[in-house]
There are 4 protein chains.
Amino acid sequence: MAITGVLRAAMMQLRVLDLETSVDFYTNVVGLFEVGRTSDGRVLLKGYDEFDHHSFVLRKAETAGMDFMGFKVASDAYLDFLAGRTKEFGLPVEIVPANADQPGVGRRVSTRVPTGHRLDFFADIEESDPKPSILNPEIWSVEPRGIGSATFDHALLFGPGSAETVRYLMEVCGFAAVEKGLLPDGNTFVTWLSCANRAHDVAVLEFDQPGKLHHVAYKLDNWNDIGHAADIMTMNEVTIDAGPMRHGATRRQMIYFFDPSGNRLETCTSGYAFYPDMPVRVWDFDHIGKGIFYYTRQLNDNFLKVVS
Amino acid sequence: MAITGVLRAAMMQLRVLDLETSVDFYTNVVGLFEVGRTSDGRVLLKGYDEFDHHSFVLRKAETAGMDFMGFKVASDAYLDFLAGRTKEFGLPVEIVPANADQPGVGRRVSTRVPTGHRLDFFADIEESDPKPSILNPEIWSVEPRGIGSATFDHALLFGPGSAETVRYLMEVCGFAAVEKGLLPDGNTFVTWLSCANRAHDVAVLEFDQPGKLHHVAYKLDNWNDIGHAADIMTMNEVTIDAGPMRHGATRRQMIYFFDPSGNRLETCTSGYAFYPDMPVRVWDFDHIGKGIFYYTRQLNDNFLKVVS
Amino acid sequence: MAITGVLRAAMMQLRVLDLETSVDFYTNVVGLFEVGRTSDGRVLLKGYDEFDHHSFVLRKAETAGMDFMGFKVASDAYLDFLAGRTKEFGLPVEIVPANADQPGVGRRVSTRVPTGHRLDFFADIEESDPKPSILNPEIWSVEPRGIGSATFDHALLFGPGSAETVRYLMEVCGFAAVEKGLLPDGNTFVTWLSCANRAHDVAVLEFDQPGKLHHVAYKLDNWNDIGHAADIMTMNEVTIDAGPMRHGATRRQMIYFFDPSGNRLETCTSGYAFYPDMPVRVWDFDHIGKGIFYYTRQLNDNFLKVVS
Amino acid sequence: MAITGVLRAAMMQLRVLDLETSVDFYTNVVGLFEVGRTSDGRVLLKGYDEFDHHSFVLRKAETAGMDFMGFKVASDAYLDFLAGRTKEFGLPVEIVPANADQPGVGRRVSTRVPTGHRLDFFADIEESDPKPSILNPEIWSVEPRGIGSATFDHALLFGPGSAETVRYLMEVCGFAAVEKGLLPDGNTFVTWLSCANRAHDVAVLEFDQPGKLHHVAYKLDNWNDIGHAADIMTMNEVTIDAGPMRHGATRRQMIYFFDPSGNRLETCTSGYAFYPDMPVRVWDFDHIGKGIFYYTRQLNDNFLKVVS
């Protein structure tokens, strides 16, 4: 198999302040589908174009933010390999049994990276409805709703020690650096990383507080869907942070917006397909604004300040 | 690296009847860029969004059709591995030295698969202009022209013994079956295969004549570009075979059209990203028309008859 | 007021073979909204972006086809003027009282043009829901559904004596010829006519049977919606006659498709805005195929044969 | 003819600080075509989809801003009517002879409205290349370039006494009010006005300085073109003021951007077609931000401050 090891960013467990308000928002606006709830009250959601049992989990809490980000790997054997290499790298490893707290998900190798984020890796996950048909499939099995989020795409993580987190993802987990943004001294402060062909599965930005989530993104089909999403957001009084816009980095077209708890979300589309033989694209400090917000060519007030 | 082995379909050498007419067509209509010519008069071309030296070669000949299809692999070491495994599989292997007939391309492992097509694999290829910038990159370095073909995408190969060719691609080269179409008896007669995240890099269809090319495809960004492409084709009196349309299989939006020599081309966009943990999608015999031409739901007269 | 006289094509009463099948089709696929039924069982429908009470009427009958096409005029006084001028032109005039058979519609001046079609003109029509909001309006009051037909757009009428029908529309009703298609002898056999800025409100084509409907069209916003419409049609097993395509004449992007009774419909978008100071655009006989079907550049088998 | 009187907003003469920089900007970025220069050094430009000789004039001056806005009317006789009615309304009338300062343009009735803007009306204007073909026309005669501006669309004028300017446009010139925005006291402070089917040809906003131009707009085909335009603007280092965005009022999708002299331009598309029997849509003071910038739902800093 040409894609081995880590296949893709595949899951996010997010903390929200009010569960039912959030479920309404994530199903009717973001367009995810609820596929179940856990005994402790968490809500499992997915995009309409995903086979995986769920890719998004809402947990009621006192503060917004992320609990963990999950990655699907190619095989159970790779989990053992990953656990060993993670320990060698000097990071903690916890093995979470199958179905422990994530219904339908096999055993997980869980670690906490230097930036303070918990990352979980799993090889097995059941399917759930809705999902694409596999016999004479129509283009969807259930009509997209809201902004029509199709598939989990990526997240941008903020925290201290980002160079070490990036090194872990590249050396241990096999991610490739796709693009990076530089400080005036030439050091890297943000890296976009891909484990396969996505323009990125995860990005990491140097920040003084650990474990922070800048945004989590689901994918749409094209720029027209981005425009439609902006209309839907306005009609639902969703706060748009930036966009419709293009990122310079990854060339994705996108909107940043906030959920009712203040977690930043992104809906994105287009951009290029990454291959590991591509050179790393670099944004120097004077152009990083353009790398993030291609049309305004400068960061907005929120970009480096508002995280959850 | 998560993507190993064969990275992507990356090259096609095509026979055309008139060279300058073809160069005009491929540059001004298809929108490829000429990057050089060989001493024996072949013309090297590429899409504007490719780093690789070239992805398309035109050779003047008495008949249309393909000379070979090329694949980029992850490493030179993999070429040795592939050469060995190909021989074990029982197929011929030729080692083509670097720069022998493809300027800028490293040594190639070349074989001929049971369906009669020559497939070449290479690990090294130089870069050439135009290509994406890597320092504070704009969305393109050179303005797209014609229909704006961005990157080489895939080809559909017709020939006898397709099951063996598919088995070779899967067992030796690490391709995954993405979708397949069945005969009334349940046997497979067409298989879409991916080596990474593309919906397919190559497809193989059972046919009574060996080595035939059904079509070769370059990628655009979205459905709007497909409509623009149809306009450009009409204004240039290009014969459109089918589309603007959607394929049921891979969900790609597309146009089939012919070059001046009768080779069928495709311009395509959208569709889903494949991952190797996805189930194979199947089109039974009664629905194969819909699998190919989603809107008409039946094959057109040309589909199984016109090849080059 | 700069637009006077006839404002726009605004209504079509269509005969269908099975009423409930048709209502399901027109509401769930075409995306019209049912706003009421008449005492004799006809069903009143409208697009989501129309203020007018209804723009489409379904009547159960033994044969498909159109009963009449309606036009909204600027004032009641203009109806009197039109009635007089129509008689002077030599056509019959019937005054249909308000609310006689069209709930919510004021008195109509009704005539039958030489091509055999009944045309009705009215100045007054009530509003009905859904309709656009007028206080701090969102982009729609009710979410579009199916293919999302927004507003009644135009119809193409087939019949003998088309030159006289065109002359009536131009000399009496103030329509302007926008484009026309010629026979080999240079005579006109199809004329596209506009009463304001639409690329056309009605077109008339010379045909040997009177009173025939070639198609009736509703409008979408853009080419992406046309692609979405084709997807929806396939998933609902609607027969597509042609498209997604562009018309050469009027430059509209479109799909021709059939309702369950065999009436041809069109969904269209884009094209240019017409002004009465524009020259008439002409398609000579050798290019009329391109004028109709810009991408295939030839009429399909159905174009001159299948009418209702 | 159903459209009489004033047909459309058709011309803008703009002051720019540097002529050649401006010509480069308007041709290569905005995508207008230069059709000639006057003996006093002004530059005549047009969109690729216009028959009219020119729709845009650049005049080198010490300050940015507009000299006059022009409207095409249906007939020379209407000019006399308009001149008389304008005098009766109490506004000055100047008759500018044909070809006096605008090559290819017939005699003009020129006035200055209470908001301080000079408005010119003309019935005759020659054609110039590029323009649409009229015999078997392709979709364009010359390939669009830059952002691909197709046709002059509208302008937003700022000045004191806006109620009187609106009254003049409606009572004398036959414009219809399409939408309006209210002050807290319920008085109107901005009115969008149409002379035919455009969502608006001109808008007028109450402002303390006379004769100010807020923006002048050319039209594109669809939202995808808006995204493309934003890309082109970034690559040409054009300052984007707002967008890609939707206006609530008129539902147009758009970008505000600045020319090198500080004149604000708009590129717009979509929205609804206006008819004079439509009710006026109203934005109350609390929602005017949404009426202008539908996605941010608030005016940006520049909206009421930056004019030329």
(message) Let's test your reading of the structure: which of D:Asp241, D:Thr239, D:Val238 forms the most heavy-atom pairs below 4.5 Å with chain A?
(response)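 Looking at each of D:Asp241, D:Thr239, D:Val238 in turn, D:Val238 comes out on top.
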(request) Could you check which of D:Met245, D:Arg246, D:Gln253 has the highest count of heavy-atom pairs closer than 4.5 Å to chain A? (result)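 Most pairs with chain A among the choices: D:Arg246.
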(request) Would you please go through residues 296-308 of chain A and name the residues with a non-hydrogen atom below 4.5 Å from one of chain D, in numerical order? (result)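 Checking residues 296-308 of chain A against chain D gives A:Arg297.
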(message) For residues 219-235 of chain A, give me every residue with a non-hydrogen atom less than 4.5 Å from any non-hydrogen atom of chain D.
(response)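 Only A:Trp223, A:Asn224, A:Gly227, A:Ala230, A:Asp231, A:Met233, A:Thr234, A:Met235 of residues 219-235 of chain A have a heavy atom under 4.5 Å from chain D.
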(message) Could you measure the distance from the OH atom of D:Tyr294 to the CD1 atom of A:Ile240? Nearest 0.5 Å is fine.
(response)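 D:Tyr294 OH to A:Ile240 CD1: 10.0 Å, rounded to 0.5 Å.
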(message) If you count heavy atoms of other groups shown closer than 6.0 angstrom to NZ of D:Lys180, is the number above 12?
(response)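 At most 12 heavy atoms, drawn from other residues, nucleotides or ligands, come within 6.0 Å of this atom.
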